[in-house]
Amino acid sequence: MHKPFLFLTALLVCLVSPESFGGETAYSRCKNFEKFDEVRACREAALLKKYPRQFFRKQNELTIVAANGVKVRLQDSKRDITPEWHYISYELRGYFPDIACATVSVTYYEGADYLLVHLPTGQQKDGGDEIYASPDRRRVAVFGGDESSYNRNFVAVYRLNSDEIYEEYSVDFPDAYPNKLVWKNNKTIEYSILQPPASAEDTEWKPELKVIRLEGDINTNATWKIEP
């Protein structure tokens, strides 16, 4: 049974030349705030100031403007009128020009998620607290989850087209959770999942390596297959 608490989202790390937090100086300044909401507002403000055409906030609504004119509107719940178990809050966490995507953290009364927003179209996909781009920048891989089970435990791979972000691979882990991922080349990904302890006496989560390979035309209808 989950204990009610407000989950504090982890620091977003991106491996594709991020434009996050407005630079290390701005992020360091944000850490001086004691309240979580103040830290979040400070982090987001640096990105809003630097990229006003792509992102803006009006009170409790964050708006992301896609290149095709679509406006993604993400509205926070109001603490004073919303039951705490319906609480939801959005924070712009990163902008990644290399792959034309943005990341948004979504904090709930219990747990948290991440959104990956495709800037050319405004499409949204499940994201993770880290983003991994393929060497040719045509795809991104993400994973999420932890042993608490508050979040979705999954690995996904998306193909980035100018007119869409397409999900090529997605797998969920009801009991285990992913903890590492690396592109070996444009057609091969290795990732690790942690399997739960085998017994009550055993407290160690054991890593299990998975390898998936892209088969078919790398530009169109390719499929990912896991190695036996």
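Here, residue 1 is the first one in the sequence, and each next residue gets the next number.
Tested against Val117 for a side-chain contact (heavy atoms from CB on, under 4.5 Å), the candidates Leu92, Ile64, Ile165 yield a single pass: Ile64.
Taking the side chain as every heavy atom from C-beta outward, Arg93 and Arg43 approach each other to under 4.5 Å. A heavy-atom distance below 4.5 Å is found between the side chains of Arg73 and Glu61. Counting heavy atoms from C-beta on, the side chains of Lys210 and Ile212 never come closer than 4.5 Å. In this structure, the side chains of Glu91 and Thr107 stay at 4.5 Å or more apart for every pair of heavy atoms. At a threshold of 4.5 Å between non-hydrogen side-chain atoms, the residues Val106 and Leu115 count as touching. Within the 4.5 Å cutoff, the side chain of Tyr158 has heavy atoms near those of the Val142 side chain. Here the side chains of Lys180 and Val182 are not in contact, with every heavy-atom distance at 4.5 Å or above. Between Thr103 and Ile131, the closest side-chain pair of non-hydrogen atoms falls below 4.5 Å.
The two residues Val65 and Arg53 make their nearest non-hydrogen contact at CB-O, 3.5 Å. Across Val155 and Phe173, no two heavy atoms sit closer than the pair CG2-CE1, 4.0 Å. Scanning both residues, Pro178 and Phe154, for their nearest heavy atoms gives CG-O, 3.4 Å. Glu168 approaches Arg139 most closely through the heavy-atom pair OE1-NE, 2.7 Å. The two atoms that bring Ile99 and Arg137 nearest to each other are CG2-CD, 4.0 Å, heavy atoms only. Minimum interatomic distance between Val157 and Trp183 (heavy atoms only, all atoms of both residues): CG1-CH2, 4.2 Å.
With hydrogens and angles left out, the side-chain atoms of Ser199 and Asp202 include no donor and acceptor closer than 3.5 Å.
Side-chain atoms of His118 come within 3.5 Å of backbone atoms of Asn161 as a donor-acceptor pair (strictly under, hydrogens ignored). With Glu190 contributing its side chain and Val211 its backbone, the two residues share no donor-acceptor pair below 3.5 Å. A distance-only check finds no donor-acceptor pair linking the side chain of Asn153 to the backbone of Pro174 [under 3.5 Å].
Using a 4.0 Å cut-off between a side-chain N of Lys or Arg and a carboxylate O of Asp or Glu, Glu167 and Lys125 do not qualify as a salt bridge. Ion pairing between a basic and an acidic side chain is recognised when a charged N comes within 4.0 Å of a carboxylate O; Arg152 and Asp113 show no such pairing. Between Lys206 and Glu208 no salt bridge is recorded (no basic side-chain N to carboxylate O distance below 4.0 Å). For the pair Asp76 and Arg57, the salt-bridge criterion is met [side-chain N within less than 4.0 Å of a carboxylate O].
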field: Chi angles and distances behind the ring-ring contact (aromatic ring centres under 6.0 Å, His included) call for Tyr51, Tyr95
entry: CA-CA 9 Å; Tyr51 299 101; Tyr95 171 45; 4.8 Å; yes

task: Decide side chain to side chain donor-acceptor pair (under 3.5 Å) for Asn179 and Tyr191; before the verdict, give the C-alpha distance in whole Å, the side-chain angles of both, and the deciding distance to 0.1 Å.
output: CA-CA 8 Å; Asn179 72 324; Tyr191 65 87; over 6 Å; no

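Remark: Leu119 CG to Asn68 CG distance equals 10.0 Å, nearest 0.5 Å. Here the CG-CG distance, from Asp126 to Asp172, works out to 8.5 Å after rounding to the nearest 0.5 Å. From Ile218, atom CD1 reaches atom CZ of Arg138 across 6.0 Å, with rounding to the nearest 0.5 Å. Taking CG from Asn186 and CG from Asp136, the interatomic distance works out to 3.5 Å, rounded to the nearest 0.5 Å.
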